[in-house]
2 protein chains.
Amino acid sequence: MTGRKQFAVDDALDAAVRVFWERGYDGATVAHLLEGTGLGRGSLYATFGDKEELFLACLDRYATTVAARLLAALRSHPGDPRAAVGAMYTAILARMQDPGCPSGCLVTLSAGECATLPQRAREVVQQLIAGQVREVRGVLAEGASCGVVPHGGDPDALAEYLVGTAQTLALLHRAGTDVPTLRGIADTALHVLHPEVP
Amino acid sequence: MTGRKQFAVDDALDAAVRVFWERGYDGATVAHLLEGTGLGRGSLYATFGDKEELFLACLDRYATTVAARLLAALRSHPGDPRAAVGAMYTAILARMQDPGCPSGCLVTLSAGECATLPQRAREVVQQLIAGQVREVRGVLAEGASCGVVPHGGDPDALAEYLVGTAQTLALLHRAGTDVPTLRGIADTALHVLHPEVP
DNA sequence: ACATTCTTGGACCGATCGTTCCAAGTAGCC
DNA sequence: GGCTACTTGGAACGATCGGTCCAAGAATGT
């Protein structure tokens with residue numbers, strides 16, 4: 001029919017990300033992916049390989065586009081960990097109010113699916129979460145050297161806790177919790193960085 | 001072959017809970033349920049109806065057995081919300097170290113699956129989460145009247161936050177996080193109930 | 001103009017999904 | 001001991017799953 005590709009690979013990838021984001025790895029069928037991307041079977045398999053490979057490509061795409069914006073928010077307040085993490089939470093909540101965006105977070109969704117995920121996908125998901133923790137830990141360390149993080153406990157646990165809270169927001173959003181309630185949860189979580197209270 | 005039932009319904013239900021708990025609603029096939037319960041197709045369908053009805057029965061069973069134990073821990077420290085929620089977290093973490101128990105929590109797992117769950121199941125999951133929040137809110141209110149909860153913000157948000165943290169523990173456990181790390185997260189989260197710090 | 005290379009949509013595949021159905025057989029009742 | 005009511009395991013069902021294959025046709029190079 002054509003000779004050269006009739007579509008932009010990145011556009012199709014974005015569409016596939018959206019399908020997985022809406023339905024999860026198991027819940028997204030190839031038929032859903034075909035409908036979402038607008039591709040035919042031949043094009044999809046020739047371009048992306050099988051469902052697992054496509055999913056891995058989608059995780060990567062998600063990390064470099066969607067998650068990257070959250071990371072930018074996190075880094076936008078150097079030296080002030082509370083403002084940095086707060087900005088990340090705010091960015092997450094803002095995205096949830098975009099009706100064009102699926103609910104929750106692809107990484108959180110996939111983390112819940114870990115038990116039934118292909119091994120490579122499970123490993124990538126774990127790496128993505130570990131990467132988020134590493135980023136937050138970096139921000140905290142930077143702030144601690146400026147004397148802004150007065151927390152007395154384990155800094156590693158603090159970073160995991162803050163990332164875990166972000167995943168809580170995504171999970172509860174997926175379960176139908178409204179954004180104002182999530183805002184309250186995020187604000188409450190940030191009190192840990194604030195022993196002297198609001 | 002028999003004339004009267006050859007198995008205890010509650011035992012079969014417990015086995016089915018375990019299967020759903022391990023693989024989620026979508027991931028658990030009827031074949032898995034047959035293997036897990038040891039029943040034949042005829043017995044399973046005659047006793048529990050279709051997969052959705054069985055799942056609803058499993059959610060109920062889970063709530064009245066597994067979740068009930070966590071609730072008991074929560075209520076075991078009347079007047080001391082921090083000890084109460086801490087005991088609940090400890091009970092969650094203790095269960096995770098039981099090798100005979102699937103990882104995470106059936107409710108949390110199902111919350112992540114909400115988008116692809118049958119409507120009635122989704123509603124039940126939301127009700128279960130709302131019930132947990134109500135319980136924690138009750139404990140907090142009881143403690144506040146005793147002057148133990150010094151938090152200045154929204155008490156509803158505080159309850160949702162504490163339940164959300166429990167779900168974080170379950171989600172991260174499912175994703176492979178080890179229990180000591182989860183312990184650190186739980187301890188960090190409890191600092192919110194402790195403005196004057198450890 | 002021709003041959004080659006690549007893309008494309010759909011037909012098609014075996015496997016597996018959830019569900020229905022039924023012959024075989026047992027327990028309880030009169 | 002016959003009759004009814006019930007349970008049971010497995011056969012079988014249509015639908016759908018992920019994946020393969022291929023004829024048709026368009027772009028490229030010479």
Side-chain angles (χ1 to χ4, degrees), chain A residues 1-13 15-59 109-110 113 115-122 124, chain B residues 1-13 15-59 109-110 113 115-122 124:
Chain A
M1 252 259 218
T2 141
R4 282 290 170 260
K5 273 195 162 59
Q6 300 288 86
F7 61 94
V9 173
D10 279 349
D11 288 349
L13 205 48
V17 165
R18 187 185 172 79
V19 172
F20 281 124
W21 191 352
E22 283 170 347
R23 321 182 90 108
Y25 179 76
D26 269 324
T29 70
V30 174
H32 291 137
L33 291 163
L34 295 178
E35 185 189 349
T37 58
L39 302 184
R41 281 187 125 76
S43 304
L44 189 114
Y45 276 89
T47 307
F48 299 109
D50 64 13
K51 189 185 174 187
E52 178 180 348
E53 289 183 76
L54 172 57
F55 183 62
L56 292 172
C58 284
L59 284 176
L109 179 60
S110 304
E113 271 190 308
T116 53
L117 238 40
Q119 191 181 21
R120 281 190 296 169
R122 179 166 53 240
V124 170
Chain B
M1 253 257 216
T2 142
R4 284 289 171 262
K5 271 196 164 59
Q6 300 289 85
F7 61 94
V9 173
D10 279 349
D11 287 351
L13 206 48
V17 164
R18 188 185 171 80
V19 173
F20 281 124
W21 191 352
E22 284 170 346
R23 322 183 89 109
Y25 178 77
D26 268 325
T29 69
V30 174
H32 291 138
L33 291 163
L34 295 177
E35 186 189 348
T37 59
L39 302 184
R41 285 185 124 78
S43 304
L44 189 115
Y45 275 89
T47 307
F48 299 109
D50 63 14
K51 188 185 174 188
E52 177 179 348
E53 288 183 77
L54 172 56
F55 184 62
L56 291 172
C58 284
L59 285 176
L109 179 59
S110 305
E113 271 189 307
T116 54
L117 239 41
Q119 190 181 20
R120 279 190 298 169
R122 179 164 54 239
V124 170

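Reminder, nothing fancy here: chain letters follow the sequence lines and each chain counts from 1. Since this is a predicted model, take the numbers as computed values, not measurements.
Checked against side chain to side chain contact (heavy atoms under 4.5 Å, CB included), Glu35(B) has no partners two or more places apart in sequence or in another chain.
Summarising the geometry, the separation between NZ on Lys51(A) and C1' on dC17(D) is reported as 9 Å, rounded to the nearest angstrom. For the pair Tyr25(B) OH and dC17(C) P, the interatomic distance rounds to 14 Å; values are reported in whole Å. Summarising the geometry, the separation between CG on Asp50(A) and P on dC17(D) is reported as 17 Å, rounded to the nearest angstrom. Summarising the geometry, the separation between CZ on Arg4(B) and P on dG28(C) is reported as 7 Å, rounded to the nearest angstrom.
Side-chain contact check for Phe48(A) versus Thr37(A): every heavy-atom pair is 4.5 Å or farther apart. Side-chain atoms of Val30(A) and Arg41(A), non-hydrogen and from C-beta on, do get closer than 4.5 Å to each other.
Distances were taken from every side-chain heavy atom of Phe7(A) (C-beta onward) to each of dT19(C), dG18(D), dT8(C); the shortest belongs to dT8(C). Distances were taken from every side-chain heavy atom of Lys5(A) (C-beta onward) to each of dT7(C), dG19(D), dT8(D); the shortest belongs to dT7(C).
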Please table the atom pairs, donor to acceptor, closer than 3.5 Å between any side-chain atom in residues 50-58 of chain B and protein atoms at least two apart or in another chain.
| residue | atom | partner | partner atom | Å |
| --- | --- | --- | --- | --- |
| Asp50(B) | OD1 | Glu52(B) | N | 3.3 |
| Asp50(B) | OD1 | Glu53(B) | N | 3.0 |
| Lys51(B) | NZ | Tyr25(B) | O | 2.8 |
| Lys51(B) | NZ | Ala28(B) | O | 2.8 |
| Glu52(B) | OE2 | Arg120(B) | NE | 3.4 |

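Between Glu113(B) and Asp26(B) the shortest heavy-atom distance is OE2-N, 3.0 Å. For the pair Leu39(A) and Ala12(A), the tightest heavy-atom approach, listed with the atom from each and the gap, is CD1-CB, 4.1 Å.
For residues 33-49 of chain B, proximity to DNA chain C is found at Arg41(B), Tyr45(B), defined as any non-hydrogen atom under 4.0 angstrom from a strand atom.
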